[in-house]
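Position 1 is the first residue of the sequence; numbering continues from there. Read the numbers this way: they start at 1 and go in the same order the structure lists the ligands and their atoms. Keep in mind that this is a model prediction, so the values were computed, not measured.
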Amino acid sequence: MLLLVFACAHQIPEPAPRSLVEPAPPPGGLGVCWVEFATGTLQKGLAVAHGAAHTDVPSTLSGVVLSVGDRRFLVDGGARADLAAEFAGVKGLHRAFLEEAARPFTAVATPAEALRAAGVDPASLTGAIATHGHFDHLGGLLDLPGVPIHLPQAELDLATAAAQGGESPITPADGRDLLPRARAIPFEGGPVLAWTASHDLFGEGSVRLVSLAGHTPGSLGVWFHHPNGNEVLLVGDAVWVREGYEAREPKSWLAGTFGDSDQTGTDAQIAALWALHRDRPGLHIVPAHDRRAWEAAFGATGCSAAR
Ligand SMILES: [Zn+2]
């Protein structure tokens, strides 16, 4: 299998040069918590195509609580506690891929448990955001009753398709349960870093959401400054491990074929992240499942500053 994966791997061209748009300095006062739902191991041959990751990579299903005053959002929630219910109605190779994607992870805490362990009352959440609609990011948010879930309209369209039984990277159960409490994220803001439009989450410049369309049409990046001084960009599954943007490596054939909605779009985002990493080496680009990147950006699980 690995030989096949290697043989099918392609190269990602260098992106056309473009100038980075500097975000306005954040006002300060952002509270940040790293909450972890599951740990596991990501196989090096699955994460990137050409083997730049030389060993298996410690992996995670994690979320981030971002707080300004008494407004509080959870970004990503891991998978649902009841995976069988989450995967109901998914068949064939797609079902096999989802089960394979879930297999390496061991649950650490439900979202509610992880939030409470960090000192955050789940009932205090203003809302939740999924970096995209896949089960291992959206599912756990659906286990938090009544919390509004914010996603770009492109991702909500996939949820509608899933709920109606159509082809979708969102599971039918997740689509059905998301829609009644879904909120569309607009991209009303100006360009940020390498992206042309953004959403200012709190309206005061401390958290900017950008579209990373490719892995799924409504995939998001989340930019902010951690109270520890690190500038952070959460990139969901635009890349699976940091070697993707360090070495400009595509994902493996298997991951790209079954995991990405648009491989050309995904490659373009990887190229943009590679250029951003080259031009802004101090920025912590955090792939959702690369635990090494989480540790580098956040230090340890738990909260920093006001929550
Ligand atoms: Zn994922």
Legend entry - Short side-chain donor-acceptor distance under 3.5 Å, His277 and His284: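 No pair is found: no donor N or O on one side chain lies under 3.5 Å from an acceptor on the other.
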Legend entry - Residue Glu188 excluded, over 12 heavy atoms near CD under 6.0 Å: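 Atom CD in Glu188 is crowded, with more than 12 foreign heavy atoms closer than 6.0 Å.
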Inset, instruction - Apply side chain to side chain donor-acceptor pair (under 3.5 Å) to Ser206 and list each qualifying residue two or more places apart in sequence or on a separate chain. - result: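 Scan of Ser206 (side chain to side chain donor-acceptor pair (under 3.5 Å), adjacent residues dropped) gives Glu204.
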Inset, instruction - With sequence neighbours excluded, tell me which residues meet side chain to side chain donor-acceptor pair (under 3.5 Å) with Asp177. - result: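 So Asp177 forms a side chain to side chain donor-acceptor pair (under 3.5 Å) with Arg80.
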Legend entry - Geometric cation-pi criterion Arg248 and Trp274, 6.0 Å radius, 45° cone: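 Yes, Arg248 lies over the aromatic ring of Trp274.
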Legend entry - Shell of protein N/O/S atoms around the Zn ion (ligand 1), taken as anything under 2.8 Å: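 Protein N/O/S atoms under 2.8 Å of the Zn ion (ligand 1): Asp136 OD2, His137 NE2, Asp237 OD2, His289 NE2.
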Legend entry - Listed partners of Ala184 passing side-chain contact (heavy atoms from CB on, under 4.5 Å), at least two apart: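 Applying side-chain contact (heavy atoms from CB on, under 4.5 Å) to Ala184 gives Gln153, Leu156.
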